[in-house]
Engineer: 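Dumping the structure here so I can ask a few things about it.
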2 protein chains.
Amino acid sequence: MSDSCFVVRLNRYLDLTPTEKKAVASLEREPRDYPSGSMLWQEGDDLSELLIVHQGWALSESRLPTGKRQILRFHFSGDMIGASGIAFRDAPSSIVAATDMVVCRFPRRALGETFTEHPRLAALFFSISQMESIDLYDRLRALGRSEGKARLANLFLSIAARMRAVSGQHNPVIRIPLTQSDLGDAVGLTQVHVNRLIRQMTEEKLITRNRSTVTLVDEPKLIELARFVDRFSALDSSWFPSPRG
Amino acid sequence: MSDSCFVVRLNRYLDLTPTEKKAVASLEREPRDYPSGSMLWQEGDDLSELLIVHQGWALSESRLPTGKRQILRFHFSGDMIGASGIAFRDAPSSIVAATDMVVCRFPRRALGETFTEHPRLAALFFSISQMESIDLYDRLRALGRSEGKARLANLFLSIAARMRAVSGQHNPVIRIPLTQSDLGDAVGLTQVHVNRLIRQMTEEKLITRNRSTVTLVDEPKLIELARFVDRFSALDSSWFPSPRG
DNA sequence: CGCTATCTTGATATGAATCAATAGCTGTGG
DNA sequence: CCACAGCTATTGATTCATATCAAGATAGCG
């Protein structure tokens with residue numbers, strides 16, 4: 001049996017025992033495909049599953065009644081989506097596929113079973129969902145207290161950091177399948193203003209962008225400009241219970 | 001034995017069994033006092049405890065190297081602080097007491113034990129920590145896509161909603177022990193600008209503020225202005241495992 | 001009673017939004 | 001293979017929200 005995508009993800013943080021792997025794999029549902037642009041779910045939907053991104057890019061967004069949109073988070077390969085919807089039943093944001101996607105599904109019901117049978121996995125779920133909070137803290141910091149150029153720099157750097165953590169490679173060219181409007185909605189600026197800022201940043205030889213790629217030309221300067229802290233730190237599993245089976 | 005403060009908090013969401021209560025209470029450490037203005041911990045500190053606010057107000061903040069500050073969250077009676085620090089060892093933000101406080105402490109080690117012995121409590125911890133994410137989503141939405149007045153309105157309304165959920169009372173007067181600078185650092189505006197906005201909002205008969213109280217004079221208008229959604233929804237415990245003992 | 005925090009208010013500067021028009025791509029169908 | 005439709009990006013002119021700088025005014029506190 002090849003590892004399920006959930007297992008692959010969890011195993012990145014912890015060496016799962018064969019029993020644990022089996023438990024997770026047996027509860028997982030068939031992966032599902034979503035075409036670019038489709039909606040995995042909408043704000044307010046009643047959620048019954050936790051998702052893991054297997055392939056592709058998605059984004060959490062929320063629309064204000066004015067029609068404005070705020071992009072809250074990006075989700076890449078390996079990310080867990082929907083933990084807060086599990087706890088509170090209705091989704092606090094919509095999830096949209098930014099590229100074609102393949103997604104693994106884990107039913108809410110199964111989560112209860114897993115918590116009982118495999119406390120160590122429960123601890124792992126708990127920890128993984130904390131990454132979400134940490135990421136949100138960083139976005140907040142950036143939005144609240146910095147100006148446009150720094151916000152964009154921050155966005156690019158944090159996407160790069162997360163993608164590099166997944167790929168293990170350190171490439172200055174990152175693929176960001178977002179339009180200028182998307183970028184604006186993520187950092188709280190207008191598309192027009194994003195355009196001007198990107199031009200300026202290009203002139204200043206900080207970045208380069210075309211279509212769906214961004215190149216971090218002068219990464220040290222970007223880091224300074226954004227006052228970026230790469231918060232990626234290893235999971236602390238010292239308090240985890242020992243595995244069963 | 002009177003219920004520990006952690007038990008009181010958890011019991012608000014779930015009817016704990018006597019065994020569960022006992023388990024939590026026995027692991028809890030002595031409560032601790034903190035005077036107003038003191039720091040419960042600093043960004044980057046190595047955390048070994050989860051805290052529950054018993055009395056008082058605290059805030060999570062983060063300082064940028066420029067000296068600017070972003071307030072990320074407020075913590076009231078009953079709130080759990082430090083979940084993300086438990087998962088990742090170092091705190092992603094500092095916690096400052098905004099008033100005198102009494103805080104209950106739950107050691108990280110005990111969390112592992114609890115996860116093993118009481119899966120239902122594990123599920124509860126998991127869910128409670130999701131509230132943090134949901135709160136952060138809302139702050140982010142407000143910061144990214146609305147103007148000053150709406151941000152302030154949003155802040156006041158969300159504080160009111162949370163305090164009312166705790167107190168069970170629906171009072172238009174809420175105690176907010178924050179200066180104008182604090183408010184500014186929470187919503188991403190200058191103290192000076194906060195001052196002007198509050199004056200305007202007072203003239204428009206939306207609110208009243210003096211010292212440490214804010215009165216929501218015209219709550220319907222505020223809700224409309226802020227496009228506020230009270231996301232407080234009951235915990236969905238349908239997937240929780242059944243209790244042990 | 002004076003000290004230090006906090007708050008108030010004005011004048012000015014600046015970042016970003018808005019409005020508006022044009023230019024480039026990309027994919028589709030004839 | 002071209003022409004057109006429909007996004008996406010570029011650019012300018014103008015307005016608006018918010019920051020900055022600066023100077024008092026208040027008020028709680030030791």
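Source: prediction; values computed, not measured. Proteins get letters first, then strands, A, B, ... in listed order; numbering begins at 1 in each.
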Engineer: Looking at dT20(D), which nucleotide sits across from it as a Watson-Crick or G-U wobble partner, both distances under 3.5 angstrom, or is there none?
Structural biologist: dA11(C)
Engineer: Contact class for Gly184(A) vs. all strands (heavy atom < 4.0 Å): base, sugar-phosphate, or nothing?
Structural biologist: nothing
Engineer: Mind checking Thr190(B) for me? I need base, sugar-phosphate or nothing, with any heavy atom below 4.0 Å counting as a touch.
Structural biologist: base
Engineer: Given 3.5 Å as the limit, does a donor-acceptor pair link the side chain of Gln70(A) with the main chain of Asp185(A), or not?
Structural biologist: yes
Engineer: Determine, for Glu30(A) against Arg32(A), whether the closest basic-nitrogen to carboxylate-oxygen distance falls under 4.0 angstrom.
Structural biologist: no
Engineer: Apply the syn/anti split at 90° from 0 to dA13(C) and say which one it is.
Structural biologist: anti
Engineer: Using a 4.0 Å heavy-atom cut-off across all strands, classify Arg151(A) as base, sugar-phosphate, or nothing.
Structural biologist: nothing
Engineer: In a check of salt bridge (charged side-chain N to carboxylate O under 4.0 Å, His left out) between Glu204(B) and each of Lys149(B), Lys221(B), Arg199(B), which one passes?
Structural biologist: Lys149(B)
Engineer: Reckon Lys149(B) touches a base, only the sugar-phosphate, or nothing at all at heavy-atom distances under 4.0 Å?
Structural biologist: nothing
Engineer: Verify the contact: side-chain N or O of Arg199(B) to OP1 or OP2 of dT8(C), cut-off strictly under 4.0 Å; return yes or no.
Structural biologist: no
Engineer: Looking at Leu51(B), Leu10(B), Ile86(B), Ile52(B), which one forms a side chain to side chain contact (heavy atoms under 4.5 Å, CB included) with Met80(B)?
Structural biologist: Ile52(B)
Engineer: Can a donor-acceptor pair be found, under 3.5 Å and without considering hydrogens, that links the side chain of Asp100(B) to the backbone of Ser36(B)?
Structural biologist: yes
Engineer: Extract, from 5' to 3' on DNA chain D, the first and final nucleotides lying under 4.0 angstrom from some heavy atom of chain A.
Structural biologist: dT8(D) to dA13(D)
Engineer: Just to be sure I understand the rule, does Arg211(A) reach a base, reach only the sugar-phosphate, or reach nothing, if contact means heavy atoms closer than 4.0 Å?
Structural biologist: sugar-phosphate
Engineer: Atom CG in Leu225(A), atom OG in Ser146(A): separation rounded to 0.5 Å?
Structural biologist: 8.5 Å
Engineer: Relative to the 5' end of DNA chain C, which residue comes earlier, Gln191(B) or Leu197(A), by the nucleotide with the nearest heavy atom?
Structural biologist: Gln191(B)
